[in-house]
Every structure is written in structure tokens, then in C-alpha cells.
Amino acid sequence: MKSKDILKVVLIGDGGVGKTCLRNQLIHRRFTNNYKATIGADFITKEVRLDNGRKVMLQIWDTAGQERFASLGVAFYRGADACVLVYDVNNYLTFEHLDRWRTEFLRQASPNDPLEFPLIVIGNKIDLSSRVVSRRQARAFADTYSGKTMKIKCFEASAKEGINVEAAFEHIARMVTPEVIDMNMMGEEECVVLKSSLELQNDKSERKGQSCCMGG
Amino acid sequence: MQTTARRRPSLNVTRTRDTDYGIRRQPSYDFPSSSSSSQIYNPAHRPSPLSSSFTLKNQRAQEPPSPEHVLSQYYESCEDKNQNANISPANNYSRRRERVERRHSEDENVNNLAIPSYGRLSRSRNRSPSPSGSSIAETRCSSLSSFSGDDVLQSPNSIAPSYLSRTLERTPSSTSMKDHMNMSNFNYGFVNGAGRNSDSILYMAVDLDSSIVDLFDRRGFFIRDQYGFKKSYQWISREKYAEFEAVYSRIQARRKIKWDALLTENGGLFPSRNSKIKRYIRKGIPPSLRGQVWFHYSGAETKMKVHPGLYDMLVMKSLDPKTQNEYAEIIERDLHRTFPENIKFKATTDFTDDPSSTLATENVPMIQSLRRVLVAFSLFSPNIGYCQSLNYVAGLLLLFMEEEKAFWTLVTMIHDYLPENMYDVTMEGSNVDQAVLMMFIMEKMPHIWSKLSGGFGWDMEKLDGNMPIITLVTSHWFLTLYIHILPIETMLRVWDCFFYEGNKVLFRVALAIFKSNENKILAVEDAMEVFQTVQNIPKGIIDCHKLMGICFRRRKVGCDITRKEIERRRNFFRERRKKRVETMLYRK
């Protein structure tokens, strides 16, 4: 069990920043202009092999980008092991909203130690030439919210060209070590009052879920 | 934007070149009626209805047709269909076996299914026209310099899809084309033509990208339905579609005759609400009448009459630079992501490497209409503004009716049919409906419920804010009213009943989906597997007739829920949720 954990990773960020594209680039290594706006939520599982030979299953969740959809997604955030904040480097507003997304995530997922929760930031669409968010700005955002042990890493990626996509997700896999998961599970038990023990068990069994691709 | 627009006599299609973004493809408005050109579809080889539909009547489609006009169109299409009885799709399909193309399947979740396409378009790229009309080739080839009007040519009076053929030219590929080839998986298909040229290879097609319009399969049969969606996709194989089409086309033909008679009885007008029309609608509205039946029975028609000119005013207002609309940008981001797989919504980014597709969408009339409708709606309903998934609803309406009617139908749906706060910032209505649906499943299908909920009960006192994970799937069902959930024709059948019977239909369909796939759901153990099973089940429900039958069957099945029952539960959950929020605030 230890060698094949399933980690729940959620992708959040404004609509149209390329969450679905990033995921599809990671899973299928391809990009098309024909993406539909995502409604609802789904997940795809992807195996990532770490340097030390360990295999980690990432269960990557993707959902609608409009802020109001967050109210539907309690189950979406619940039990997440890592969170990916995505913005568009060519759209300042999407970067500004990261703060809001982070707060919303921490509120809904309510991890034990919010500052130490594994988080990364991805600035997407660097293949376009109309960049308005600089690396430094992204770095500043990340530094503001980094904890003592959990430094938020910033990636600049292009889902279209396949730049930095795998690197970012590999980083997540490395970040979320099994020890961290155990800590989180403990944390949840203490902190989520409403959860019955039965439900928690259910959450655990969800983690071990079969993997297979769904159309998204 | 468009620097030149010139006509190529040999092709007789409009060609527009944009200096920055390469080729813009536009529908050809005057397709030649003679067979002079060997490079294009030769109507002389094909009898009606295709030939009759080869003039694009864009203008006409924009005008609201009068009931008589509708009827005459309707009769015409009936005749067309009868004439083509001998080349029924069933025969066509039985003659060949197609490999299911699963290219790009992960983003082909479109529900493509519909009414049969009659006849085949022939095209060949060799210089000599094939008199048999059966030479056919794979038709996906284009580059920056090869071009023809490939967009929709649809005549409103034909039930056959009348997309125009694209000329098959192989011209030296440009850098951009090479890029396309590099980034997409493409395949080469050698296709043998039938008929006189049967043993010669006619054409080697290059499938550049899924984004390039492909209207025909290897043998030249329509791969798109009459609405412009692809017929088969990841969840419905070609064989399965053909099998269904063969049966369903007969049902549809029969329904058409029935509707025809019904309208004749009524002097070309829709009868007032009665049990007969209700039965007719449950059995499916003929596609040619769909938009008008929806518009009429939903009450949108009355709304539009009461507010003449309001839509235009809203559109004007949205164009006024003084108007502040925070939603305009969000709408803009979703326009080209609405039905990218539908030929009418296809943004013209296909040949360009420029991803600023908002520019590319300028050329697509359907997307312009969608923009106006959504922006007008955001001004009309400031509480809602814009909510993702309205783009799909509005877009689908636009496939069936003209812009202003689509706007009013959208307004009627959102304000009269769907519960309050469904799409507003809180999305409370949607949350409440999910709770109601879960409650129905719990009551009526306890076995399924135990799977969905993961074995534990649902303490509504505590957990109505913490709903089962399956609601992430089912909320999508209600928000888009089954667009991208059910195959297109099945979804349209749901909409037919929705417009006549209201919101309860959505619940009935959801319960019918669960009930009719009980075995599949009960067979899986793991909670995540259940999630995926439920997510995937509706995508394969091609047999719309059966599903609607289950929906409206009395007793036993448990789908026969009434409006009252729904309303009572809604009130219950609204109160619960309100209390819960209050307690949470109090704790803080």
C-alpha cells in the first residue's frame, strides 16, 4: 500500500486559464483548441514515478472555473492532498484571483495546518506573447503564503507547448510524501466535526480507488 | 480584419484571407448547380434532398417563419425524405463496416447522435469527375493554401444535413500546416473509391487535427448529424449509432406524419395544451418543428410579444461603451469553448496558430449570436449575470431558433422553469435540487443510494451541506439540462418534454437513468468507481425512446414524481440550509 498511494490533487483557478488543458497535456501529451468549458467535476488518475523509484498515483480533479461553482463543490475540495492554483500569465485578473481561490480552498478543504498545506502555483499560456504577470510577482505571491516547511513553488507552463507541465506535477508528487498524507488524515479527524467516522472510512477507501480515465 | 474577399470561379466559394490569421473559412452562399467543376460536390450526381438544399438560405433562416411557411417547409422535407427512401441509412450502414475512429476521443465528449443523414455526398480530388457519383474520399485535408467553403450549408427545409463539401486540394504545406502536423496525431488513409474508379486510389487524406472540419468518414458518409454534431464518438460506436439510426429513423418518419396531420387539423397552428399534444411531445417533436414547438409551448412566445424590441434594446445597451458589464469578459472566454465540436460553432482557429481565438470567433455568425444573447441576458438578469453552462443552453437554443427567440426562450427557461437561484452567485437553487434528487434516490432506490452514499445514511440534519460526492456529477446534469451528458438526440427528447411539462422532467430523467442502469451501478464496489460509472452511463444512452418510456412509465419504476413532491422537498431543504448557515454564523 505504501508504494502506491493515491493522492488527490485539485486544480483551481479562473475560467479559461487552462486547467483542463494542463491536465490533458499531462495525461495525453497533446493539446487542441477544441476544449469545452468545464462544468461539473471529474478526475483522471496518472501515475508519476519519482526519483527514488516510488510510484505515486495522482488523482487529478478538474472543475468549472467560475467562482460561484465553488459552492457546489464541497465534495470537490474535501480530502484533497494538494492544490494547484492556476492563472493565465496574460491576464492579470486571473492572477489577482489566486488569493481568493486559495482562501476558498482552505476554507472548504479545511486542512489541519493551512500554512503547511502542499500548494503550487502554475502560470499557464507562456507561449503567448502578451504576458502581463511577471515571474517576480508570482514569486512574491508564493512567498507570502509559504509556510515554514512547505515552500510554494511557482511554475510557468504552457499546456499548448507542453512546457513545464510534467515538472509541475512531479513536484507535487514529491511534495506530498506519504508522511504528509498521514498527517493530513489525522488532521481531518480532529478538525472536521461533521464527519462521522464512517464517512472518514469512506474517504480513505476513495483514495484507494481504481484508476481509469474518464472523458472530461 | 478581412483584407480581401474574392471569389474563385472554379470553386465558386467565398475565400477570405486575413493577413494575420491566415485563412478564414466562410460558408459558400452560392454553390454551383452545374457539374462543371470536378473538384467539388457535383449535385447532378445526387438527387434531392441534397441538391435542393445546396443554396444557403442564411437570410431566410434569420427571419421568423410564419406558421404557413413552417408548414410548407415541413411538407417539403417530408417529400424529400420519401424520395430518398431507397437510400435509407439503414441500407447504407449495413453495407459497410466502419472502424470506429477514436481519435481525440478524450475531448470528443460531445453527444453526437441524431436523425439519419440521407444520401451521400461524393467528391473526388482527381480531375475527372466520377459519373457514378460514388467516388469518395476521405476529406480531411487542408492547409493554409487549400481552401473551400466548408462550413455549414444548411437549408431549413431539408432534414438532411447539407454541409458542403470541401474541396480536396493538396497544396504545398505551409509552416503552419507543418506545425499542425507536428502537434497532432494524424493518420493517412488510403481510400478506394467505388463505382467506375473503384480500383484507383483517389485520395490520400491527412487528418491534421480534430479541429479541422471533417464531414465525412472514409467512405464519404456523413459523420455529422443534422445539428452539426459528430454522430459517433467515444461513447457511441459507429455500429451502435447505425443500429439505432435504422430503427429510430422509422419512428421519426412516423412521428413526422402524425405531427403533420395534427398541424393540418389545426390550420397550421399549434393546438392549445391538451393531452394529445402532450403525448405527441413525449414521443418526440420532429426536428424541423422543434424550435417552434419549444418557443410556443414554453410561453416564450408570449413573453416576446409582451416585450417587443426589448432584446434589441439590450443588445444596443451592451454595445454602449458606457455600459459596465463585469460579465462581458467571462462570456467572451466561453464563446469559443461552447460547442467547439459543432460545425456551426467552430471557431476559425483551425488553421491559425494564433490562440487568441476571440479574434477568430469574429467570423462565426453563430458565436456572434451567442455573444449577443448571453450579454443581453446578463443585462436582463443582473442577479444571475452570467453563469457557465448558460453558454451551452443558449447555444443549443440557437441551433433551433433565431436569436431573439432564443433569448426569450432562455429567459423563460431560467426564470419560469428552473428554480430560483439556480445560476446566481450562490447557486443555492442548484444545491437544493441536488439535495432533492439525493432524497428521491434514497427513498425510491435504496440499493443504488447505498452505493452512491458509500454505505452510510444521510443525516439530513447534519450533512445536507456535505452532500455525497456523486452530486459533483449530477449537478452538471441539471445545470446544462443534460447537454454534454446525454447523446444529442436523447437530450433533445428530454428538452421536448421539459418545455411542455416543466422542471420535473429533469428529475424524472435523472431517476430513469439511475433506475435503468441499476445493475451497472450495483456491480461496482469502490466509491470512485461508482462516481465514474455514473458519470459515464448517460453518455451511452442512445435509445432515447426507451429512456423516455421509463421516465413516464407509471408505478414500479419510481420515476413518476410530481411537481408537488419536488416542491415540498425543495422547501424542506431550503429551510434546512438556511438554518444551517445561521447556526454556522452564530458559532463564529
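Scope of the values below: all heavy atoms of this structure, side chains included, with no hydrogens, waters or symmetry mates.
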[X] side chain near [Y] side chain, heavy-atom distance below 4.5 Å:
| X | Y | answer |
| --- | --- | --- |
| B:N431 | A:S71 | yes |
| B:L472 | A:L72 | no |
| A:T38 | B:Q388 | no |
| A:K36 | B:F339 | no |

Next item on the list: Give the minimum heavy-atom separation between A:D42 and B:Q535, together with the two atoms involved.
Entry: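 Result for this residue pair: CB-NE2, 3.4 Å.
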Check: Taking all atoms of both residues into account, what is the closest heavy-atom pair of B:R333 and A:G15, and its distance?
Finding: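 The pair with the smallest heavy-atom distance is NH1-O, 2.6 Å.
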Under 4.5 Å heavy-atom distance to chain A, tell me which part of [X] shows up: side chain, backbone, both or neither.
| X | answer |
| --- | --- |
| B:Y386 | both |
| B:D424 | backbone |
| B:T474 | neither |
| B:S389 | both |

Note to self: Would the distance check show the side chain of B:Y392 and the main-chain N or O of A:A37 forming a donor-acceptor pair, the cut-off being under 3.5 Å?
What the structure shows: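 Confirmed, B:Y392 side chain pairs with A:A37 backbone.
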Next item on the list: Say whether, by atom type as modelled, one donor and one acceptor occur between the side chain of A:R78 and the main chain of B:I469 under 3.5 angstrom.
Entry: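 Side chain of A:R78 to backbone of B:I469: no pair is present.
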Notebook entry, point to check: Any idea how A:W61 and B:F531 line up, ring-wise: parallel (<30°), tilted (30 to 60°), or perpendicular (>60°)?
Noted result: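 Ring orientation, 0 to 90° scale: perpendicular.
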Notebook entry, point to check: Under 3.5 Å, is there a donor-acceptor pair linking the side chains of B:E329 and A:N91?
Noted result: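 On atom types as modelled, these side chains qualify, holding a pair under 3.5 Å.
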[atom1]-[atom2] distance between [X] and [Y], expressed to the nearest 0.5 angstrom:
| X | Y | atom1 | atom2 | result |
| --- | --- | --- | --- | --- |
| A:Q66 | B:C387 | CD | SG | 5.0 Å |
| A:L93 | B:E326 | CG | CD | 10.5 Å |
| A:F43 | B:Q532 | CZ | CD | 3.5 Å |

Next item on the list: Before giving the answer on side chain to side chain contact (heavy atoms under 4.5 Å, CB included), spell out for B:H484 and A:I39 the whole-Å C-alpha distance, their side-chain angles and the decisive distance to 0.1 Å.
Entry: CA-CA 10 Å; B:H484 286 152; A:I39 313 285; over 6 Å; no
